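The shown structure was predicted, so the numbers you read here are calculated from the model rather than taken from an experiment. Just follow the structure's listing: the first ligand is 1, and inside any ligand the first atom is 1. For this chain, numbers begin at 1 and follow the sequence in order.
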Amino acid sequence: MYIFNKTRLKLTAWYLLIIMLISISFSVVIYKGLESEVERFARIHRMRIERQVLLMPPPLSPADLDLIKESKQRIILILAVINGVIFVISGALGYVLAGKTLKPIQEMVDEQNRFISDASHELRTPLTSLKTAMEVNLRDKNLTLLNAKKLISESVNEVDKLQLFSEELLQLSQYQTPNGTIPFEVISVTEAIKKAVHKMLPVAKQKQIEIKEKVGEYEIKGSAFGITDVFVILLDNAIKYSPRESTITVETRKTGNSVFISVTDEGMGIEAKDLPHIFDRFYRADYARSRTGTGGYGLGLSIAKKIVDAHHGSIHVESKRNTGSVFTVSLPLISFS
Ligand code: ADP
């Protein structure tokens with residue numbers, strides 16, 4: 001906070017310096033111009049008198065000289081007042097402008113700080129429980145080989161999850177910057193969906209879940225990797241939160257200049273109170289937290305939303321507890337106009 005106030009004042013000072021330099025230079029030019037005008041006026045005035053009286057030009061009287069001096073002083077005073085007013089107005093405007101310039105940077109830093117504190121909070125819990133389990137077993141003098149193997153296998157599972165978490169964090173940071181850092185090109189949405197389905201089929205098979213595809217051919221401008229990631233996340237969730245032997249359907253339809261892709265599952269659904277938060281980072285509904293084995297870190301949907309936002313699209317969910325969920329992604333199609 002302190003650094004921003006200091007920078008804001010520094011920026012204001014720079015704005016002021018530039019404006020005042022311009023204003024004072026103009027004032028000097030104006031003063032020089034007016035000074036020569038006053039002297040020219042005095043000369044002409046003298047010549048007129050000379051012509052009228054047909055005499056040699058009288059020298060300027062002390063009263064005339066005083067008048068010229070007074071005029072010059074008045075010009076200086078007026079210019080000083082104008083510069084003073086410019087100083088005050090540009091100081092205030094500069095301060096407001098500096099604040100506006102710094103606002104997005106301040107918001108970005110705040111967001112990053114929140115992100116770091118959330119991420120370290122999420123990391124602390126599994127690391128502590130991993131450490132505690134190891135310490136307890138190390139202290140156990142009667143630890144059998146079987147129990148030691150069990151502990152190692154549980155620890156490997158935990159480490160796998162942490163590895164996935166770090167990958168997700170990386171993925172999220174990739175899309176964190178405005179407009180993302182990934183180059184956009186013309187891509188086939190259909191291919192991206194098919195790739196995602198292909199990747200998730202083995203996971204679905206483990207639960208005997210069928211994935212039905214009703215997908216048309218559509219092209220958009222975007223990142224093929226990014227769009228595939230979105231559907232991997234949605235399918236992964238659909239599988240995680242669905243019972244065995246259920247069906248997941250991926251469907252596309254075109255409305256206006258957008259393609260709508262929906263992923264429908266027959267899973268446990270989402271409670272109304274959770275719906276507004278599921279796209280937030282690290283948010284998991286209570287049932288998702290309490291179920292062992294489903295354990296993500298609540299990053300999937302926030303990554304999906306970041307990617308869709310970067311493609312100028314939107315993502316929505318409709319869900320009913322114990323009936324199923326429909327996640328719909330809409331993406332703008334390439335317009336040929
Ligand atoms: P997670 O890694 O926990 O799955 P996500 O960000 O992908 O994190 O999802 C956030 C939460 O939204 C999940 O914890 C879960 O509560 C809920 N959720 C997401 N997809 C589904 C779904 N298809 N069915 C039911 N709940 C879901």
Enquirer: Side chain or backbone, does Ala285 bring an N or O within less than 3.5 Å of an N or O on ligand 1?
Expert: yes
Enquirer: Tell me whether Ile76 shares a hydrophobic cluster with Ile30, the cluster being built from Ile, Leu, Val, Met, Phe, Trp, Tyr side chains joined at under 4.5 Å.
Expert: yes
Enquirer: In this structure, are over 12 heavy atoms from other groups packed under 6.0 Å from Glu266 atom CD?
Expert: yes
Enquirer: May I ask you to check whether Ser314 and Ser330 show a side-chain donor-acceptor distance below 3.5 Å?
Expert: yes
Enquirer: Which of parallel (below 30°), tilted (30 to 60°) and perpendicular (above 60°) describes Phe184 and His311?
Expert: parallel
Enquirer: Check this for me - ligand 1, Met268, N or O atoms closer than 3.5 angstrom, yes or no?
Expert: no
Enquirer: May I ask you to list the atoms of ligand 1 that are less than 4.0 angstrom from any heavy atom of Gly298?
Expert: 1 (P), 2 (O), 3 (O), 6 (O), 8 (O)
Enquirer: Could you list the atoms of ligand 1 found under 4.0 angstrom from a heavy atom of Tyr297?
Expert: 2 (O)
Enquirer: With a 6.0 Å cut-off (strictly less than), is the heavy-atom count around CG of Leu77, excluding the residue itself, greater than 12?
Expert: yes
Enquirer: Residue-level breakdown please: for Leu299 versus ligand 1, do any non-hydrogen atoms fall below 4.0 Å on the side chain, on the backbone, on both, or on neither?
Expert: backbone
Enquirer: Between the side chain of Asn83 and the main-chain N/O of Leu79, is any donor-acceptor distance below 3.5 Å?
Expert: yes
Enquirer: Going by the order shown, which atoms of ligand 1 are within less than 4.0 Å of some heavy atom of Lys240?
Expert: 1 (P), 2 (O), 4 (O)
Enquirer: Suppose I only count heavy atoms of Tyr283 and a 4.0 Å limit; which atoms of ligand 1 are within that range?
Expert: 10 (C), 11 (C)
Enquirer: Report yes or no: does Ser23 contribute a side-chain atom to a donor-acceptor pair with the main-chain N or O of Ile19 at less than 3.5 Å?
Expert: no
Enquirer: Is ligand 1 less than 4.0 angstrom away from at least one heavy atom of Phe327?
Expert: yes
Enquirer: Going by the order shown, which atoms of ligand 1 are within less than 4.0 Å of some heavy atom of Ile278?
Expert: 10 (C), 12 (O)
Enquirer: Using a 4.0 Å heavy-atom threshold (strictly under), name the region of Leu301 that reaches ligand 1: side chain, backbone, both or neither.
Expert: both
Enquirer: For Ser262 and Thr328, does a side-chain donor sit closer than 3.5 Å to a side-chain acceptor?
Expert: no
Enquirer: Can you tell me if Gly267 has a non-hydrogen atom under 4.0 Å from ligand 1?
Expert: no
Enquirer: Given Asn237, Asp280, Leu275, Leu235, identify the one with the heavy atom nearest to atom 20 (N) of ligand 1.
Expert: Asn237
Enquirer: Report, in ascending order of atom number, the atoms of ligand 1 lying under 4.0 Å from any heavy atom of Gly300.
Expert: 5 (P), 6 (O), 7 (O)
Enquirer: Quick check on side chain to side chain contact (heavy atoms under 4.5 Å, CB included): which of Ile307, Ile193, Val230 does Val329 satisfy it with?
Expert: Val230
Enquirer: Counting heavy atoms only, name the option from Glu271, Glu266, Arg284 that's nearest to atom 14 (O) of ligand 1.
Expert: Arg284
